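First comes the structure, then the notes that go with it.
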Amino acid sequence: MKSVSPVNYELTFEPDFKKFTFRGQEKISIKISRPTNSITLHAAELAINQCSAWYNGKKIIPKIKLDEKAEELTLVFSQKISGKATLEIDFTGQLNDKLVGFYRSKYEYKGKEKHLATTQFEAADARRAFPCWDEPEAKATFDVSLLVDSNHTAISNMPVISKKNLGHKTLYKFNTTPIMSTYLLYLAVGEFEYISSKSGKTLIRVITTHGKKHQGKLSLEFTKQFLSYFEKYFKISYPLPKLDMIAIPDFASGAMENWGAITFRETILLYDPKTSSTETKQHIAEVIAHEIAHQWFGNLVTMKWWNDLWLNESFATFMATKAVDALYPEWDFWDQFLISEMIGGLSLDSLKSSHPIDVPVKSPSDVRQIFDEISYNKGGCVLMMLENFIGDENFRKGLHSYLEKHEYANATTEDLWNSLGSISRQPVRQMMNTWVRQVGYPVIEAKVKNSRLQLSQSRFLLENNTKTKQRNWIIPLSVRMQDKTVTKLMKGPVTIPYKSDWFKVNDGQKGFYRVKYDKDARDALGEQIEEKAISNVDRWSIHHDLFALCVSGQISFRDYLDFVKHYQDEDDYIVLSDIIASLNFFYIILSKEEFWNEIKEFNHDFFNKVFSRLGWDQVKGEKSTTALLRGQVISSLGRLEDEEIVAEAKSRFANLLKTGQLHPDLRGPVYSVIAWTGDSSTYQKMLGLYRKAPTQEEMVRLLSSLANFQDKKLLSKTLLFTLSKEVRTQNLFQPIARMVINPQGKELVWPWIKQNWKGIVSRFGVGNPLLNRIIGSVSIEADFEKEKEIKKFFTKHHVPGTEMKLAQTLERIRIHARFSQNTRKEFN
Ligand code: BES
Ligand code: ZN
């Protein structure tokens, strides 16, 4: 335990919407366990006006020291103090534009420019709003007051207990929070409207800026459903009297789980039946479920330190899929989990520059970097693997006991293994530590010899040009054969008696590992795929592993393409979506090669077959995932200039301009085809649509499509536009992400980043996760020289908090370069 810890914060904030500053006053009750004359809190970008302490009934005045670099405020007293004391600090700060701390967000209503003020404190930015012990373990209670202009309303974690008029201002006082971490505190001030409902005793509101509340209806419904789902699943009630879901026009990430006051990007909370797609609807459900899951995993029980961030994010990721699948089984969310989570986890963790789930972190910039596919995706996947191993009921009971034991306190990974291990009576700790404490995951090599199936493991790496240390994982192995499935805990090499025509390892893809089959075994699986004798998940898994083996150079590109022919008659969403994504990946990586046309033809044939079964329009009774697939195929065919697709897209676009009508699921794909085949007059039309788009969802679609033209002049215009005032900082990444997968655009992106780096960094502020997304976008390059150049540039223009992402990006470029080299040898 630290020698000084906070017990309660009394906080009053008074934002000034003319100067965009705020004044704050706080009284912190503290406990001092060892006598000291110096107390250090976190504080950043704040000016301290006054500071004193009440100790033994007397007021004492400390000397203060602000260390901006360490983000610390130190109070030095002339005497030693211990036991109980109260600190009183009066301070001022800026309502900034960086989307962290206490910041402002801008929007328009009825032609007038408006602002609201809101907070984003995770991971370490509460210190930008008030001096505090800004670490997850320093839990305290909070009494918040907000003194605001009378045309504004105020929101915080708890309900309002009193509202007093003071001239042209109103003082809002909120009820005391439960004991909680600083990163979960929330403040908002502005002109809001809301719709509300109740779930049991909990008041639920969806809060928006003016004129948008009707778009919150779907989210209100989802919130009710998921809140009551989790209460039943965990068998622990949601402890606060209210839960607000708030749509913020400017927002750095997707959503944030502030206790009782969850914040979202508008695109992830607002739904417009006329223009919102199926994908958006499902994403809204998933993110709402994710943030509500955090109300238990994260808010009620919090990781002791950020090295265990996965206890928050992996659980929210995993539980979101569980909840959505329970309420909307027809969306096949566990199948979609493979696409949305497993692919990203396997991909990042196959780099040497990956990191273990449990990773040492010190500074805030270290912490920000690990909100990545390891803490979210890999963690979510290993939880799925564990649940499958110990059984659903043991898993649920184990979680219940963990939550109950550590509620209103902090916990570690070890605590979780204790709960799950003692309930399931399985070697949870031994097994799981091999997945959580070491980097990477295994590939199992499988072959048949003398009527025995021989299996061995080693780390899977995409860049496997050097020997790495032998690692072992304790794998809950499952092998499916013609007439039976064998399960086993695999620690070292394993052999199994074998009398079958074929076998498939990692049955149902519950395990976080890959499989490499020899040629005979692979051919035998090819037949099973054609006959659909194995499940869609297994068909997905065979393809996905083969794709990764191909990129890593362990099987040839020709062999990969030959194998894809087994999927001629495939009709399942996840399987086709994975093949389409892989073929599109090769299309973009190899776009500068002489044999590119051959790839285009292959892709065209494959996509055409898929499209011919789908058509343009929704068929009554079709699965919702068919809509997702249709969109992917249409966009992909458009890129290949398929005449029929282009003509139909043009006619639908013309109709949209005339009537305003276009099916929401076709909007993204149609814009993308129109851009690809469009000229500067098309560009102007799309820009026009962007400028009067009714929702942010529609804006983002159009903005991304502006990066899908072929004419380099138009693409340069888009890059310029991206940094203009017309694009919100939160969306800056969207056109870039699209441009790097545009064969004409990808070479423009790196020079643009280089040229604008300073401006981009200052726009985001150091440590913003959006910055890492920009860096990550150049991983699409496939050239050793580029890799060197990029490395050199960032060595010279280093920004803290980008180290990991940069190493991963460079490694990916080398992998792509090597892959292109090999393929060139094969094709030329
Ligand atoms: N706790 C995070 C928000 C966050 C992310 C805060 C990064 C600080 C840094 C939140 O629960 C979250 O995970 N949001 C996701 C959405 C989710 C459904 C994947 C996001 O913002 O992308
Ligand atoms: Zn989360």
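This is a predicted model, so every value here is computed, not measured. FYI, side chains are in, hydrogens and waters are out, and symmetry mates aren't considered; it's all heavy atoms of this structure. Indexing begins at 1, ligand by ligand and atom by atom, following the structure's order.
Judged purely by atom type and a 3.5 angstrom limit, D308 uses its side chain to pair as donor or acceptor with the backbone of T413.
When every heavy atom of R265 is checked against every heavy atom of F251, the shortest pair comes out as NH2-O, 3.2 Å.
Inspection of the environment of the Zn ion (ligand 2) yields the following protein N, O or S atoms under 2.8 Å: H290 NE2, H294 NE2, E313 OE1.
Residues passing the side-chain hydrogen bond (donor to acceptor under 3.5 Å, both in side chains) test with N299, sequence neighbours excluded: Q295.
Contact annotation: the side chain of I741 never approaches that of F585 to less than 4.5 Å [non-hydrogen atoms, C-beta and beyond].
A salt bridge links R437 with E414: the closest approach of a Lys/Arg side-chain nitrogen to an acidic carboxylate oxygen falls below 4.0 angstrom.
The stretch residues 237-254 participates, sequence neighbours left out, in these side-chain hydrogen bond (donor to acceptor under 3.5 Å, both in side chains) pairs: S105-D250, R205-D244, K242-D244, D250-R728.
Heavy atoms of other residues, nucleotides or ligands lying less than 6.0 angstrom from CD of E803 number more than 12.
Classified by interplanar angle (parallel below 30°, tilted 30° to 60°, perpendicular above 60°), the ring pair H290/H294 is perpendicular. Note on ring orientation: taking the six-membered ring where Trp is involved, the planes of F371 and Y376 are tilted (angle from 30° to 60°).
The protein residues lying under 4.0 angstrom from ligand 1, judged by non-hydrogen atoms, are Q120, E122, S253, G254, A255, M256, E257, V287, H290, E291, H294, E313, F371, Y376.
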